[in-house]
Amino acid sequence: MENRLKPMDAEQLREYGHKMVDFIADYYKTIENFPVLSQVEPGYLRNLLPDSAPNQPDSFQHVLDDIQAKILPGVTHWQSPNYFAYYPSNSSVAGFVGEMLSAGLNIVGFSWIASPAATELEMIVLDWLAKMLKLPEDFLSAGQGGGVIQGTASEAVLVVLLAARDKVLRRVGKDALEKLVVYASDQTHSSLQKACQIAGIHPENCRLLKATSSTNYALSPEFLSETISQDLTIGLIPFFLCATVGTTSSTAVDPLLSLGKIAKSNGMWFHVDAAYAGSACVCPEFRHYMDGVEVADSFNMNAHKWFLTNFDCSALWVKDRSALVQALSTNPEYLKNKASQANMVVDYKDWQVPLGRRFRSLKLWMVLRLYGLENLQCYIRNHIKLAKHFENLIAQDPRFEVVTPRIFSLVCFRLLPVRNNESHGNKLNHQLLDAVNSTGSAFISHTVLSGKYILRFAVGAPLTEEKHVNAAWKVLQDKATSLLAESL
């Protein structure tokens, strides 16, 4: 029994840790051998694993063998260079070792005293990132605002919605909840709707305004103004506007400045969601897409999407941290301590939904230090260049069209229907998507814009090169040829 695994033993950690790093490194070396989209059937794993946990310990090698044989076939490989679906979720060596250290220290950083370095490093790296994005000084921790790492953009929008809700209810009285109205375009991420459900905003008061191809699917300020006026005349209270820089479906960019002015003149909280495209705004040539952020109350970008920081790491900045704290703080006896009572520190438990939090700033700090701003800018620019290349390939094939202008590294396109039959076009593109994804050699996803079924090609995996884009295009062309031949 001498070899049994102890709860924590430095030498065993060294042995198992080395083996696991080797396993993961080998995975990255061979990642292109796997089908990108898992090809298993629902319920596949239940037949492969026993129906109860073992009484006696198993060997580590056995477990690794099972991962290889049983788990990996059921994994969709987000880090594959042939992954072009949804939006990227980046890993990197720096992100990975930062995550490793975070797991190793395994602190729970709810308040400053629970691990002072965790709170202070988070404040510092979010100030660094804010400066890289040229955010207004009001978002830095030296003033009334500051940054915090949330798990996802869904959590970010929820906490600012709660802060905005409580702020307005303090002004108009808590019985006015049913009159509060939220505004966004219908292209806004569905997490806003979920946040409204959680915050008790009446579903009919969540206004998702239709965005059309005439504005490239951005929210129209005129339409917003009209809707707010109508709501005011019937006694409702507009209190929250969410604008997006880089929508999920098509990377549309809402006009922040004009929307922000409307929000301000109506006393509304203005939140900017740049979950995906925020990363590109560290490049000077893309920063203008954030113009108008100076009138925002909060701003969010996901470092875990396209900024080489392993999931999860969603950066949120607010101009008025007290609004967050008033909505989310609790002060039970068992968490009282000198530093918090004297108001000398930030306690991040009051900026988020859960109490517990991981040391996530370590991985972001390592990414910023080990790559540096210039390398991160090159990384982003390269993906945008590859997306441009894909867009050019589409332009050379008259059977396809680019559906909405490419801004960042997402191309929205479709196979044109035969004889302009739109319903046939939707079916055709759905079939093309399934045909490509079932080859296992590339993975793309879809959306619907103006009733049309559209294919999305998002470049952003860390290992993707031009040859992978070309190979994916070849698969698309070949499958399109077969489908068109069948439909004649």
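A quick note: this is a predicted structure, and the numbers were derived from the prediction, not measured.
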Self-check item: Set of residues satisfying salt bridge (charged side-chain N to carboxylate O under 4.0 Å, His left out) with respect to Arg165, sequence neighbours excluded
Solution: none
Quiz prompt | Residues which pass salt bridge (charged side-chain N to carboxylate O under 4.0 Å, His left out) with Lys474, listed by chain and number, not counting sequence neighbours | solution = Asp478
Quiz prompt | Counterpart residues, side chain to side chain donor-acceptor pair (under 3.5 Å), relative to Glu465 (two or more places apart) | solution = none
Quiz prompt | Set of residues satisfying ring pair (Phe, Tyr, Trp, His ring centres under 6.0 Å) with respect to Phe390, sequence neighbours excluded | solution = Phe413, Phe457, Trp473
Quiz prompt | Between His77 and Asn82, a side-chain donor and acceptor under 3.5 Å | solution = no
Quiz item: Closest heavy-atom contact between Arg321 and Ser141?
Solution: NH2-O, 2.8 Å
Quiz prompt | Sidechain-backbone polar pair: Asp347 side chain, Phe110 backbone, donor-acceptor under 3.5 Å | solution = no
Self-check item: Donor-acceptor pair, side chain of His271 and main chain of Asp297, under 3.5 angstrom
Solution: no
Quiz prompt | Atom pair CD1/CG of Ile454 and Asn429 - distance to nearest 0.5 Å | solution = 7.0 Å
Practice problem: Assess the side chains of Asn300 and Ser314: does a donor N or O sit below 3.5 Å from an acceptor N or O? | Solution: yes
Quiz item: Do other residues, nucleotides or ligands put more than 12 heavy atoms under 6.0 Å from Lys336 NZ?
Solution: yes
Quiz prompt | From Phe240 atom CZ to Phe270 atom CZ, the distance as rounded to the nearest 0.5 Å | solution = 10.0 Å
Quiz item: Is a donor on one side and an acceptor on the other found under 3.5 Å between the side chain of Gln39 and the backbone of Leu37?
Solution: yes
Quiz item: For the side chain of Glu155 and the backbone of Ala153, is there at least one donor-acceptor N/O pair under 3.5 Å apart?
Solution: no
Quiz item: With a 6.0 Å cut-off on ring centres, are Phe443 and Tyr86 close enough?
Solution: yes
Self-check item: Euclidean distance, Asp312 CG relative to Lys363 NZ, rounded to 0.5 Å
Solution: 5.0 Å
Self-check item: Minimum heavy-atom distance Ile107-Ser115, with the two atoms named
Solution: CG2-OG, 3.4 Å
Practice problem: Provide the closest heavy-atom pair for Ala243 versus Leu256 in the form atom of the first, atom of the second, distance. | Solution: CB-CD2, 3.7 Å
Exercise. In sequence, state the C-alpha distance, the side-chain angles, and the governing distance for Leu316 and Gln352, and then conclude on side-chain contact (heavy atoms from CB on, under 4.5 Å).
Key: CA-CA 10 Å; Leu316 169 69; Gln352 61 173 23; over 6 Å; no
Quiz item: Got more than 12 heavy atoms from elsewhere within 6.0 Å of CZ, Arg369?
Solution: no
Quiz item: More than 12 heavy atoms of other residues, nucleotides or ligands under 6.0 Å from NE2 of His62: is that the case?
Solution: no
Self-check item: Reported CD1-to-CZ distance for the pair Ile380 and Phe307, which is rounded to 0.5 angstrom
Solution: 6.5 Å
Quiz item: Stepwise, does the side-chain contact (heavy atoms from CB on, under 4.5 Å) test hold for Ile24 with Phe96?
Solution: CA-CA 10 Å; Ile24 295 166; Phe96 176 73; 3.8 Å; yes
Quiz item: Which pair of heavy atoms, one from Ile149 and one from Arg360, lies closest together, and at what distance?
Solution: O-NH2, 2.9 Å
Exercise. Measure the spacing between NZ of Lys305 and OG of Ser279 and express it to the nearest 0.5 Å.
Key: 9.0 Å
Quiz item: Could you go step by step and tell me if Leu101 and Val97 meet the side-chain contact (heavy atoms from CB on, under 4.5 Å) rule?
Solution: CA-CA 6 Å; Leu101 181 56; Val97 294; over 6 Å; no
Quiz item: Is there a donor-acceptor pair closer than 3.5 Å between any side-chain N or O of Lys479 and the backbone N or O of Asp434?
Solution: no
Practice problem: Taking all heavy atoms of Ser92 and all of Asn310, pick out the closest pair and write down the distance. | Solution: N-OD1, 3.2 Å
Quiz item: Short question: side chain of Trp269, backbone of Val168 - any donor-acceptor pair under 3.5 Å?
Solution: no
Self-check item: More than 12 heavy atoms from other groups under 6.0 Å of CD on Glu137
Solution: no
Quiz item: Is the backbone of Val282 close enough, under 3.5 Å, to the side chain of Gln377 for a donor and an acceptor to pair up by distance?
Solution: yes
Quiz item: More than 12 foreign heavy atoms under 6.0 Å from CD of Gln341: is that the case here?
Solution: yes
Quiz item: Would you call Arg14-Glu11 a salt bridge at under 4.0 Å N-O?
Solution: yes
Exercise. For Tyr289 and Phe408, run side-chain contact (heavy atoms from CB on, under 4.5 Å): C-alpha distance rounded to whole Å, both residues' side-chain angles, the deciding distance at 0.1 Å, then the answer.
Key: CA-CA 11 Å; Tyr289 290 110; Phe408 303 104; 3.8 Å; yes
Quiz item: Among pairs that include at least one residue of residues 50-68, which meet salt bridge (Lys or Arg N to Asp or Glu O under 4.0 Å), considering only residues two or more places apart or in two chains?
Solution: Asp66-Lys70
Quiz prompt | Aromatic ring pairing His430/Tyr453, orientation class (parallel under 30°, perpendicular over 60°, tilted between) | solution = parallel
Practice problem: Classify the side-chain pair Thr244/Tyr276 by whether it contains a donor and acceptor separated by less than 3.5 Å. | Solution: no
Quiz item: Short question: side chain of Thr188, backbone of Ser185 - any donor-acceptor pair under 3.5 Å?
Solution: yes
Self-check item: Inter-residue atom distance Asp350.CG - Asn331.CG, 0.5 Å rounding
Solution: 8.0 Å
Quiz item: With a 3.5 Å cut-off and no angle check, do the side chains of Asn302 and Tyr87 form a donor-acceptor pair?
Solution: no
Quiz item: Can you tell me if Gln150 and Trp351 form a side-chain donor-acceptor pair at under 3.5 Å?
Solution: no
Quiz prompt | Exam field: side chain Ser329 to backbone Gln326, donor-acceptor pair closer than 3.5 Å | solution = no
Practice problem: Without swapping roles, check the side chain of Asn90 against the backbone of His304 for a donor-acceptor pair under 3.5 Å. | Solution: no
Quiz item: Which atom pair, heavy atoms only, marks the closest approach of Ser298 to Val318?
Solution: CB-CG1, 4.0 Å
Practice problem: Kindly state each residue pair satisfying ring-ring contact (aromatic ring centres under 6.0 Å, His included) with at least one member in residues 140-161, sequence neighbours excluded. | Solution: none
